[in-house]
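The next block holds one structure in the form of structure tokens; read it before the comments.
Since we're looking at a predicted model, the values are computed, not measured. In what follows, chains carry the letters A, B, and so on, assigned in the order in which the sequence lines appear, proteins first and then strands, with residues in each chain numbered from 1.
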Protein chains: 2
Amino acid sequence: MAEVDVSTVSRVLRGQSEQRIRAETRDRILEVAKKLNYRANYTARALRMSRTFTLGIVVPQLDNPVFSAAIRGAENHAAKNGYSLLISHRDPGDAGTTIAKLSQMNRVDGLLVASLDADEVLRSDLAEANVPYVLLNRLLPGTALSVVLDSQEAARRATEYLISLGHRRIGHLGGRPGGFNAQERLAGYKMALDAANIPFDPRLVTMGDYTFDAGRVSVRELAKTDATAIMAATLVSAAGAMAELRLAGWQLPQEMSVIALHDALFAEMLFPALSTVMMPTEEMGRVAADLLIRKLSGEDPDPVRALPPGRLIIRDSTVAPRSGARISK
Amino acid sequence: MAEVDVSTVSRVLRGQSEQRIRAETRDRILEVAKKLNYRANYTARALRMSRTFTLGIVVPQLDNPVFSAAIRGAENHAAKNGYSLLISHRDPGDAGTTIAKLSQMNRVDGLLVASLDADEVLRSDLAEANVPYVLLNRLLPGTALSVVLDSQEAARRATEYLISLGHRRIGHLGGRPGGFNAQERLAGYKMALDAANIPFDPRLVTMGDYTFDAGRVSVRELAKTDATAIMAATLVSAAGAMAELRLAGWQLPQEMSVIALHDALFAEMLFPALSTVMMPTEEMGRVAADLLIRKLSGEDPDPVRALPPGRLIIRDSTVAPRSGARISK
DNA sequence: TAATTCTGAACAAACGATTGTTCAAGGTTG
DNA sequence: CAACCTTGAACAATCGTTTGTTCAGAATTA
């Protein structure tokens with residue numbers, strides 16, 4: 001309609017290398033394009049450029065606030081840079097299938113991978129990917145790109161806060177023994193104890209996964225000890241612990257203080273409202289997308305980005321321990 | 001490598017019209033394809049067929065269990081049918097932009113749209129879409145495809161249950177007055193009252209949006225009345241209501257029963273654990289994807305699919321009203 | 001004025017599939 | 001044995017861009 005070659009249109013619309021276009025021609029093309037509401041066909045462009053401008057994100061759970069925040073962060077940043085986000089909820093069962101499917105069909109230029117799987121499983125899944133990827137809150141020996149939260153520091157701060165309230169017998173509701181984050185958190189927990197000259201007692205540490213039910217189960221062990229406070233790995237397991245304790249007749253927070261890592265709206269919905277150390281999960285998604293996009297643009301970014309924990313949010317679940325010894329139930 | 005024309009490879013791999021292929025040739029091609037781990041390039045196929053095999057889903061919130069369940073359902077069904085899901089978290093602010101962007105660039109074959117916007121806004125947003133779309137839990141006058149939850153019946157059941165416990169002064173924590181679902185729920189609420197010959201009292205109905213804070217604010221009105229129970233529109237507003245009441249010193253559930261529509265893990269995390277009427281939100285996502293895929297396949301499905309509410313889940317937040325009159329606080 | 005450079009846009013070749021058409025070779029039929 | 005089908009696969013056009021190359025005409029230089 002503008003009576004020019006399509007190649008000219010392409011050059012004008014892409015905006016770059018405008019040196020070889022007469023202003024008059026450019027204006028005419030832009031005008032017609034606007035009138036026609038014309039946009040370059042994405043698929044054709046992707047084929048020609050052999051880039052899809054699409055990122056894939058693989059998450060194990062969609063209803064976990066940690067992952068939904070990461071998705072949000074990634075999607076926003078991706079959109080800002082002209083990328084779209086393809087989501088792939090991956091059941092733990094068909095591990096790796098989606099990774100393979102997305103990358104082998106050239107549907108995505110790169111992958112954001114959040115996985116709770118064991119190192120070896122994850123590694124073999126990723127071996128099939130023929131695209132760059134970034135790991136979320138995971139470190140895998142090798143050169144994989146990663147964005148990690150500083151769980152150790154977060155755990156240290158949470159524990160430190162409990163100590164500052166006067167607690168000396170502090171339980172830890174942790175994650176799976178093998179998991180990367182579980183170790184980190186445990187280390188942070190110990191670090192805080194050390195700093196306060198409180199001896200480490202392995203009976204006060206229970207491991208589970210990060211589910212509500214695991215929280216319920218694990219806390220039964222702690223209930224048998226003389227712990228006066230609990231530092232829980234995640235919101236969800238903390239919620240499980242509180243539910244179970246209450247069911248057993250405990251007064252919260254008077255008889256047991258609870259603090260958790262990660263923050264989300266629902267910490268406030270719990271009773272008592274849960275004190276937390278906020279973790280920058282949305283930021284994690286954003287940074288991961290950024291890292292991946294840089295990588296795709298040919299840059300060679302530092303492989304690992306560590307994100308410091310956020311602030312301590314003191315709500316109602318943490319109080320000073322009772323002066324007297326707790327009456328055993 | 002199999003020494004055949006690409007067209008032959010295409011025919012074999014697509015699996016269809018295998019009549020014109022010698023078994024020997026087919027096997028050879030398949031073997032080589034497997035050895036090379038070859039998959040047809042998605043982009044090229046999309047260009048040639050002018051179909052992206054990608055669905056877009058537009059949601060206002062990512063951390064709301066209602067939407068994440070819908071996404072999960074849609075993603076699963078889409079994947080099963082060879083489609084991918086492009087996610088687009090849409091801030092209420094830039095309404096419609098993403099709809100336009102996704103569809104005008106031919107990135108998606110169709111759209112799944114969950115929106116809390118007013119009819120007119122939504123309508124004008126959708127006017128820009130040049131692809132088929134399905135509305136989630138929304139009805140728009142016209143021929144739009146929709147999947148709706150039967151909020152009316154769910155509200156009726158929830159209210160009915162409270163009545164069966166002996167409550168006669170039942171408050172309703174509803175949604176925005178204009179909203180489609182708000183009316184539905186109110187109707188169900190009234191229906192249950194009618195059936196029990198309980199007069200409708202407008203003072204017992206408060207409207208807000210579906211947020212935690214709105215729940216807190218709205219419940220203050222109800223706290224001034226003689227209501228002994230509350231039927232809340234959503235989990236999140238119910239949580240807000242309970243938090244606020246507890247803050248004001250109420251004993252839950254003895255002094256106020258609460259039931260909410262929709263169910264999710266976190267209903268169980270609240271204290272007292274929240275009774276709910278489960279809503280098939282994951283199913284809604286699934287059905288919406290199905291409807292859209294059918295439409296894209298040239299079928300002409302019924303425009304509206306209504307999903308019946310799920311079962312009543314009785315937890316600890318609903319009890320019989322106290323026999324005596326409540327002491328006003 | 002002739003030779004050269006510059007400009008701006010058209011030309012044309014991909015990108016990797018899908019799918020209608022063609023066509024040689026082998027089989028069948030009258 | 002000639003004419004005609006059938007079969008199986010190659011051939012070729014196409015989808016809508018991007019981008020290297022070409023090229024006519026205008027501008028500059030010698």
Side-chain angles (χ1 to χ4, degrees), chain A residues 1-34 36-54 82-84 101-109 130-131 296-298, chain B residues 1-34 36-54 82-84 101-109 130-131 296-298:
Chain A
M1 247 188 77
E3 294 179 327
V4 291
D5 188 84
V6 289
S7 62
T8 308
V9 175
S10 172
R11 286 187 234 263
V12 168
L13 261 39
R14 307 232 44 223
Q16 64 198 36
S17 69
E18 286 203 24
Q19 53 268 32
R20 286 304 226 212
I21 309 282
R22 205 187 303 158
E24 183 200 347
T25 310
R26 176 164 51 76
D27 293 347
R28 181 156 36 96
I29 290 176
L30 288 176
E31 192 182 346
V32 174
K34 189 191 286 188
L36 263 46
N37 203 6
Y38 171 86
R39 302 284 176 84
N41 178 292
Y42 152 79
T43 309
R45 171 186 303 196
L47 176 60
R48 177 59 229 256
M49 302 180 75
S50 41
R51 294 182 59 180
T52 63
F53 295 98
T54 301
Y83 282 80
S84 297
K101 207 158 41 177
L102 288 177
S103 63
Q104 282 174 11
M105 286 196 70
N106 307 300
R107 290 203 80 139
V108 298
D109 292 338
N130 52 2
V131 294
L296 292 172
S297 309
Chain B
M1 247 188 76
E3 294 179 329
V4 290
D5 188 84
V6 290
S7 62
T8 308
V9 175
S10 172
R11 284 187 236 264
V12 168
L13 261 39
R14 309 233 43 223
Q16 64 198 33
S17 69
E18 286 204 24
Q19 54 269 33
R20 288 303 227 211
I21 310 282
R22 205 187 305 159
E24 184 200 345
T25 311
R26 177 163 50 75
D27 293 346
R28 181 157 35 97
I29 290 176
L30 288 176
E31 193 182 345
V32 173
K34 189 190 286 187
L36 263 47
N37 202 6
Y38 171 87
R39 301 283 176 84
N41 180 293
Y42 154 78
T43 309
R45 178 193 306 221
L47 177 60
R48 177 60 229 256
M49 302 180 75
S50 43
R51 295 182 57 181
T52 62
F53 295 98
T54 300
Y83 281 80
S84 297
K101 207 158 40 178
L102 288 177
S103 64
Q104 282 175 8
M105 286 197 69
N106 307 300
R107 289 203 80 137
V108 297
D109 292 338
N130 52 1
V131 294
L296 291 172
S297 309

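Interface remark: the B:Arg11 side chain does form a donor-acceptor pair with the C:dG20 base, using a distance-only criterion of under 3.5 Å.
Positionally, the nearest nucleotide of DNA chain C for A:Ala23 lies more toward the 5' end than for the other of A:Ala23 and B:Asn41. Mapping A:Thr8 and B:Asp5 onto DNA chain D via the closest heavy atom, the residue that lands nearer the 5' end is B:Asp5. Where B:Ala44 and B:Val6 each meet DNA chain D at their nearest nucleotide, the meeting point lying more 5' is that of B:Val6.
Put simply, CZ on B:Arg22 is 13 Å from C1' on D:dT6, counting in whole angstrom units. One can place CZ of A:Arg51 at 23 Å from P of D:dG16, the figure rounded to the nearest angstrom. The CG-C1' distance, from B:Leu13 to C:dT19, rounds to 15 Å in whole Å. Rounding to whole angstrom units, CD1 of residue A:Ile21 and C1' of C:dC6 are separated by 15 Å. Here the C1' atom of nucleotide D:dT17 and the CE atom of A:Met49 are 10 Å apart, to the nearest Å. At whole-Å resolution of the value, CG in B:Asn106 and P in D:dT17 are 8 Å apart. For the pair A:Leu47 CG and D:dT14 C1', the interatomic distance rounds to 12 Å; values are reported in whole Å. If you measure from atom CZ of B:Arg45 to atom C1' of C:dT19, you get 13 Å, rounded to the nearest angstrom.
Between the CZ atom of B:Arg28 and the CD1 atom of B:Ile21 there is a distance of 10.5 Å, given to the nearest 0.5 Å. The CZ atom of A:Arg45 sits 12.5 Å away from the OG1 atom of A:Thr52 when rounded to the nearest 0.5 Å. With rounding to the nearest 0.5 angstrom, the CZ atom of B:Arg39 is 12.0 Å from the CZ atom of A:Arg107.
In terms of the ring pair (Phe, Tyr, Trp, His ring centres under 6.0 Å) criterion, A:Tyr42 has no residue partners (sequence neighbours excluded).
Taking only side-chain nitrogens and oxygens, A:Arg39 never comes nearer than 4.0 Å to OP1 or OP2 of D:dT17. Contact check, B:Ser7 against D:dA10: no side-chain N or O comes under 4.0 Å of OP1 or OP2. Phosphate contact (OP1/OP2 of C:dT19, side-chain N/O of B:Arg14, threshold under 4.0 Å): present. One finds no side-chain N or O of A:Tyr38 lying less than 4.0 angstrom from the OP1 or OP2 phosphate oxygen of D:dG16.
Taking only side-chain atoms of A:Ser10, from C-beta outward, the nucleotide of D:dT19, C:dA10, C:dA17 with the closest atom is D:dT19.
A:Val131 has its side chain out of reach of A:Asp109: every pair of non-hydrogen atoms, C-beta onward, lies at least 4.5 Å apart.
In this structure, A:Val9 reaches neither bases nor backbone, as no heavy-atom distance under 4.0 Å exists between it and the strands shown. Residue B:Ser50 is out of contact with every strand shown, counting any heavy-atom pair closer than 4.0 Å.
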